[in-house]
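What follows is a set of notes on a single structure, which appears directly below.
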Amino acid sequence: MSDELQEALERRAEEEGRSVHAMAIQAIERYPVGEADRATVRKPGAKHAVKYAAKHAVEYAAEHADLLRRLGE
């Protein structure tokens with residue numbers, strides 16, 4: 001691991017009040033899930049998943065338009 005990466009990991013662990021070891025374990029545990037999700041998106045049917053996500057994003061924005069407007073101010 002590079003010194004820069006080690007230092008960044010140590011800073012983040014300190015900010016979160018966790019050990020570097022715990023942070024590393026969490027990252028390793030999340031890796032297979034994240035890769036599986038990325039593989040799913042790369043599949044030929046993934047464009048349907050993107051359309052599904054976009055549709056729900058629009059619905060969410062419509063339902064919470066007032067909140068989103070206030071956050072933008």
Side-chain angles (χ1 to χ4, degrees):
M1 176 180 321
S2 71
D3 290 341
E4 288 178 351
L5 182 56
Q6 179 70 31
E7 290 171 8
L9 185 57
E10 289 170 359
R11 278 193 308 273
R12 184 67 182 261
E14 186 175 332
E15 289 170 2
E16 294 186 15
R18 301 172 60 201
S19 70
V20 171
H21 177 80
M23 302 271 304
I25 294 297
Q26 182 181 21
I28 292 166
E29 289 173 343
R30 287 181 177 177
Y31 180 79
V33 174
E35 284 302 302
D37 289 346
R38 282 186 277 285
T40 298
V41 170
R42 291 184 194 118
K43 289 182 181 179
K47 65 182 175 184
H48 299 292
V50 172
K51 287 180 184 177
Y52 178 83
K55 176 185 173 197
H56 287 291
V58 170
E59 290 172 359
Y60 181 88
E63 288 177 28
H64 302 285
D66 187 52
L67 171 64
L68 295 170
R69 180 189 51 74
R70 286 184 285 150
L71 286 171
E73 292 177 349

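Both backbone and side-chain heavy atoms feed into the values below; hydrogens, waters and symmetry mates do not. Residue numbers start at 1 and run along the sequence shown. Everything numeric here is computed off the predicted structure, so don't read it as measured data.
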Is it the case that atom CD in Glu4 sees more than 12 heavy atoms from other parts of the structure closer than 6.0 Å?
no
Applying salt bridge (Lys or Arg N to Asp or Glu O under 4.0 Å), name anything that partners Asp3, two or more places apart in sequence or on another chain.
none
Starting at NE2 of His21, measure out to CD of Gln26 and round the result to the nearest 0.5 Å.
12.0 Å
Met23-Leu5 co-clustered via ILVMFWY side chain contacts under 4.5 Å
yes
Take a 6.0 Å sphere around CD of Glu14 and say whether it holds more than 12 heavy atoms from other residues, nucleotides or ligands.
no
Is it true that, when you exclude Arg18 itself, more than 12 heavy atoms of the residues, nucleotides or ligands shown sit nearer than 6.0 Å to its CZ?
yes
Not counting sequence neighbours, which residues clear side-chain contact (heavy atoms from CB on, under 4.5 Å) with Ala24? List them please.
none
